[in-house]
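Structure record follows, encoded as structure tokens.
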Amino acid sequence: MTAAPNREEKTIAEHETLKYSLLGPSLTKSGQDNVDQNKVSEIIYNASKGSKYFNNEEARDKNLTQKIERILTKKRQLEKLDLASDRRKADEYIAELELSRDLSQVVVHIDCDAFYAAVEELDRPELKDVPFAVGGGVLTTCNYHARKFGCRSGMAGFVAKKLCPELIMLKLNFDKYTAKAQEVREIIVDYDPRFESASIDEAYLNITEYCRRNDIGPEEAVEQLRREVHEKTKITISAGIAANAKLAKICSNMNKPNGQFSLPRERNAIIAFMRDLPTRKVNGVGRVFERELDAIGVKTCGDIYQYRQYLAKLFGDKAFAFLMQCYLGLGRTTVQPAEEYERKSVGTESTFGEMGNPVELRDKLRATAEELEKDMVRTQFKGRTLCLKVKLHTFEVFTRQVIPPKAVYIAEDLYKYSVPMLSKLEQEFPGMKLRLMGLRCTHLVSMKKPDTMAFFGFKRKSTSDQPESESPSSDTAKRKADSLDNDGEGQWESWPDELLFEDAERQEREDEMQELETLSQEIDKRRHHGKEIVPNPKKGEEVEEEWWDCPICGRPQATSEREFNEHIDLCLSRQTIRDVVQETAESRSRDQTPVPKRAKMGTEKGREKGVPGDPKQRRLCFG
DNA sequence: GCGGATCAC
DNA sequence: TATGGTGATCCGC
């Protein structure tokens with residue numbers, strides 16, 4: 001074969017993958033079954049061709065193709081080697097995972113059907129029979145009529161219009177969706193008071209206890225839940241019922257919309273289910289990983305097994321572990337409120353018309369900093385690291401970060417420390433024009449006043465043999481109260497908005513805050529020092545009684561939050577902050593026990609992400 | 001630890 | 001005319 005046709009073939013092949021990529025990330029969403037994807041792909045391709053976005057996508061696609069070439073080359077090398085040891089390691093891992101299999105829990109994933117569109121339809125019934133979408137330049141979602149034309153979430157508005165010229169575009173009414181989501185959560189809380197919001201329209205529930213208490217089967221319970229939600233909110237939801245969250249999530253997509261699917265909680269049924277399941281159906285496998293897996297011959301989760309000896313070397317240990325769990329159909333069986341997840345960053349970004357003027361760019365940076373300050377104040381965090389993100393007019397994305405001398409959150413500081421990064425980028429890309437700018441703080445430090453047990457990480461542990469002590473009703477009430485506290489106000493009463501103060505006073509406050517922050521970190525570290533600080537049930541009969549070791553004086557303290565806070569206040573006033581920090585540092589150096597890591601939020605590759613307990617975010621959620 | 005990349009929603 | 005915002009994780013260096 002000559003070189004020319006080969007190159008041509010390659011170009012065609014590359015365009016095929018590009019076209020596939022251009023279809024967007026939500027290809028697996030429902031409503032696309034009877035759509036001629038080739039036709040849709042052609043329209044999208046032609047609508048996009050030549051644009052800067054297209055060119056960038058093309059470049060990315062070429063890079064991925066090269067990356068896949070490298071993967072294949074590596075695989076061919078591995079094939080020549082003796083991988084018996086790798087196969088044995090994989091088999092040992094599988095055996096180990098198998099031992100951890102827990103089929104005792106009934107986990108449910110629920111997902112509102114085309115949620116934003118459904119809410120809009122309630123207000124405007126005439127929309128029911130016409131294709132329409134919600135969102136601005138990019139579709140946030142669209143109804144099922146629109147999906148028949150190939151429209152999808154994440155698609156550019158003008159492309160959607162090409163696919164469906166009659167498409168009606170609606171602006172987002174975020175408050176409306178939030179209110180509706182709240183209605184839904186008020187119902188599902190009765191099925192699991194500790195349900196977990198995955199987003200505004202998705203939630204995980206563990207209904208094991210509900211089924212036991214009401215002597216009802218899981219499928220029947222979920223049918224009842226869906227019926228109840230529909231009757232009371234007029235929203236239809238789809239649900240998946242399975243032994244763990246990963247499977248439940250997959251199952252909720254099986255009979256969408258307005259349907260449910262239950263996967264038996266039996267090993268054989270689960271293995272059989274995974275065997276024929278395309279990898280892309282698993283949460284965490286996106287367009288890229290799907291292509292990479294496909295390239296080596298893995299199309300379904302069942303295919304994973306025969307390639308097990310290659311996976312770690314080709315994709316890394318994390319991906320290996322993830323894939324093994326996919327093959328076995330394993331996932332977490334725990335469900336917990338989103339507020340209990342720990343936030344790791346706060347950021348803001350925005351897109352705008354091409355901008356290259358350095359003065360304008362600095363104005364934009366200042367505005368971005370001011371936006372971020374609002375979010376930092378709202379969430380009560382400072383950041384030890386500040387990250388600047390820019391997207392050039394070519395759609396290329398770059399990030400740069402700094403560690404300011406102190407934790408930051410005030411716009412002035414955010415700006416001051418990010419300007420040099422912007423200047424450096426301007427040097428790096430002379431005449432650069434941006435279409436997006438963003439700022440993000442990471443390595444967060446809490447600014448919450450240290451007067452609650454929650455601050456120290458103490459949570460009332462429900463006595464396991466006393467489920468009534470944490471009855472659904474009381475928890476519901478508490479969680480409803482939480483949701484009303486939507487701005488985190490009331491936790492910072494004695495420290496009003498910084499902006500109200502004159503600069504000098506502000507500085508003073510800041511220094512004080514800095515000290516508090518240092519204290520909080522020290523105590524935080526110490527808290528994680530050992531399990532011994534967690535609440536211990538008192539020996540004896542009174543199981544309800546609990547006590548805590550004060551993290552400052554070390555003495556055991558009473559159980560009520562009020563008493564505990566009073567003690568902490570007393571302790572703090574007796575001992576200066578400096579003393580505490582000193583003492584804590586000493587105790588740390590005495591005790592060489594490694595600080596236990598916080599519970600990880602997700603599993604490998606960001607699977608099973610939770611939503612941080614940020615009010616802004618929480619507003620988006622059921623939880 | 002940094003920067004790029006991927007992923008979910 | 002023209003393709004989002006927020007947050008998380010993983011990998012290679």
Side-chain angles (χ1 to χ4, degrees), chain A residues 22 24-26 28-29 44 47-57 60 63-64 67 111-112 115-116 135-141 152-162 172 174 197-202 249 280 282-292 315-322 338 341-354 368 371-372 375 379 384-385 387-391 395-403 421 425 435-444 600-614 616-617 620-621:
Chain A
L22 286 169
S26 60
T28 55
K29 294 278 180 184
I44 297 176
S48 305
K49 201 156 62 182
S51 70
K52 288 173 178 173
Y53 173 81
F54 178 94
N55 292 338
N56 185 248
E57 288 300 302
R60 284 166 50 102
N63 276 340
L64 178 56
K67 184 180 170 194
D111 194 339
C112 301
F115 185 56
Y116 293 1
V138 169
L139 309 195
T140 302
T141 191
R152 270 188 290 270
S153 65
M155 181 176 277
F158 75 94
V159 173
K161 277 273 190 185
K162 280 237 160 68
L172 287 156
F174 204 72
S197 305
S199 71
I200 187 167
D201 70 338
E202 280 181 42
K249 168 82 181 161
R280 182 68 182 275
V282 182
N283 204 321
V285 179
R287 280 177 292 184
V288 172
F289 201 20
E290 179 192 33
R291 262 191 72 187
E292 291 173 359
F315 301 115
D317 291 338
K318 299 282 184 181
F320 166 77
F322 170 74
Y341 286 105
E342 182 194 15
R343 176 188 271 281
K344 297 192 175 57
S345 75
V346 180
T348 182
E349 65 187 61
S350 63
T351 297
F352 39 82
E354 278 182 21
T368 307
E371 275 305 306
L372 183 53
D375 291 340
T379 56
R384 305 202 145 283
T385 306
C387 179
L388 173 70
K389 171 179 173 179
V390 299
K391 195 189 276 179
F395 285 85
E396 290 168 289
V397 174
F398 296 95
T399 62
R400 294 290 182 271
Q401 57 183 11
V402 286
I403 302 174
M421 293 191 279
L425 283 166
R435 72 185 325 274
L436 173 144
M437 188 184 284
L439 281 176
R440 177 168 299 272
C441 284
T442 60
H443 298 106
L444 300 181
K600 268 186 79 176
M601 194 158 132
T603 55
E604 39 298 321
K605 282 219 163 191
R607 305 345 180 198
E608 315 281 4
K609 252 189 301 202
V611 177
D614 163 34
K616 183 180 179 183
Q617 201 65 25
L620 304 176
C621 308

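In what follows, chains carry the letters A, B, and so on, assigned in the order in which the sequence lines appear, proteins first and then strands, with residues in each chain numbered from 1.
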Inset, instruction - Between B:dC7 and C:dG4, how far apart are the C1' atoms? Round to whole Å, please. - result: 15 Å
Inset, instruction - Please report the shortest heavy-atom distance between A:Ile44 and A:Leu22, naming the atom on each side. - result: CG2-O, 3.8 Å
Inset, instruction - State which of B:dC9, C:dT6, B:dT6 makes the closest approach to the side chain of A:Arg60. - result: B:dT6
Inset, instruction - Kindly say if A:Asn63 contacts the phosphate of B:dG4, meaning a side-chain N or O under 4.0 Å from OP1 or OP2. - result: no
Legend entry - Audit row: A:Glu354, A:Lys52, salt bridge (charged side-chain N to carboxylate O under 4.0 Å, His left out) steps and yes/no: CA-CA 12 Å; A:Glu354 278 182 21; A:Lys52 288 173 178 173; 2.6 Å; yes
Inset, instruction - Answer with base, sugar-phosphate or nothing: what part of the nucleic acid does A:Ser350 contact at a heavy-atom distance below 4.0 Å? - result: sugar-phosphate
Legend entry - Short side-chain N/O contact from A:Arg400 to OP1 or OP2 of B:dG4, under 4.0 Å: yes
Legend entry - A:Lys161 side chain near C:dT3 phosphate (N/O to OP1/OP2, under 4.0 Å): no
Inset, instruction - Would you mind classifying the nucleic acid contact of A:Ser51 as base, sugar-phosphate or nothing, using non-hydrogen atoms under 4.0 angstrom? - result: base
Inset, instruction - Compare the minimum distances between each of C:dG5, C:dT3, C:dA8 and the side chain of A:Glu349, then state the nucleotide with the smallest one. - result: C:dG5
Inset, instruction - Can you spot which of A:Lys389, A:Lys391, A:Met437 makes a side chain to side chain contact (heavy atoms under 4.5 Å, CB included) with A:Glu349? - result: A:Lys389
Inset, instruction - Please tell me which of the listed nucleotides, B:dC7, C:dT3, C:dG5, lies nearest to the side chain of A:Tyr53? - result: C:dT3
Legend entry - Among C:dT3, C:dT6, B:dG1, the one nearest A:Ile403 by side-chain distance: B:dG1
Inset, instruction - Figure out the CD/P separation between A:Gln401 and B:dC2, and round it to whole Å. - result: 4 Å
Legend entry - Rounded interatomic separation in angstrom, taking NZ from A:Lys389 and P from C:dG4: 10 Å
Inset, instruction - Output the single nucleotide from B:dG1, B:dC9, C:dT9 whose closest atom is nearest the side chain of A:Lys344. - result: C:dT9
Legend entry - Touch class at under 4.0 angstrom, heavy-atom based, for A:Arg287 against every strand present: sugar-phosphate
Legend entry - A:Leu439 CG - C:dT6 P separation (whole Å): 11 Å
Inset, instruction - Round to a whole Å and report the spacing from CD1 of A:Ile200 to P of B:dA8. - result: 20 Å
Legend entry - Pair of N/O donor and acceptor under 3.5 Å linking C:dT6 base with A:Thr348 side chain: no
Inset, instruction - Taking only the side-chain nitrogens and oxygens of A:Arg435, find out if one of them lies under 4.0 Å from OP1 or OP2 of C:dA2. - result: no
Inset, instruction - Give a yes or no on whether the backbone of A:Ser153 and the side-chain of A:Ser26 come within a donor-acceptor separation of less than 3.5 Å. - result: yes
Legend entry - Out of B:dG1, B:dC7, C:dT3, whichever nucleotide has its closest atom nearest the side chain of A:Ser48: C:dT3
Legend entry - Nucleotide nearest A:Ser345 (side chain, heavy atoms from C-beta), chosen from C:dA8, C:dT3, B:dA8: C:dA8
Inset, instruction - Please determine, for the side chain of A:Leu436, which listed nucleotide (C:dG5, C:dT9, B:dC2) has the closest atom? - result: C:dG5
Inset, instruction - Assign A:Gly137 to base, sugar-phosphate, or nothing according to its heavy-atom contacts below 4.0 angstrom with the strands shown. - result: nothing
Legend entry - Distance in angstrom units between A:Glu57 CD and B:dT6 P, rounded: 10 Å
Inset, instruction - Report the distance from atom CG of A:Asp111 to atom P of B:dC9, rounded to the nearest whole Å. - result: 8 Å
Inset, instruction - To the nearest Å, give me how far apart CE (A:Met421) and C1' (B:dC2) are. - result: 12 Å
Legend entry - Minimum heavy-atom distance A:Ser345-A:Thr442, with the two atoms named: CB-CG2, 3.7 Å
Inset, instruction - Scan A:Phe54 against the nucleic acid and name what it touches under 4.0 Å (heavy atoms): base, sugar-phosphate only, or nothing. - result: nothing
Legend entry - Test item: side-chain donor near acceptor, A:Thr351 and A:Arg435, under 3.5 Å: no
Legend entry - Sugar-phosphate, base or nothing in reach of A:Arg280, heavy atoms under 4.0 Å: nothing
Legend entry - A:Val159 vs A:Gly316, nearer the 5' end of DNA chain C by closest nucleotide: A:Val159
Inset, instruction - Tell me which nucleotide among C:dT3, B:dG3, B:dC9 gets nearest to the side chain of A:Ala156. - result: C:dT3
Legend entry - Closest to side chain of A:Thr351, choosing from B:dG4, C:dG5, B:dT6: C:dG5
Legend entry - Gap between atoms CG and C1', on A:Leu444 and C:dT6 respectively (whole Å): 13 Å
Inset, instruction - Specify the closest pair of heavy atoms between A:Leu425 and A:Phe398, including all atoms of both residues, with the distance to one decimal. - result: CD2-CB, 4.5 Å
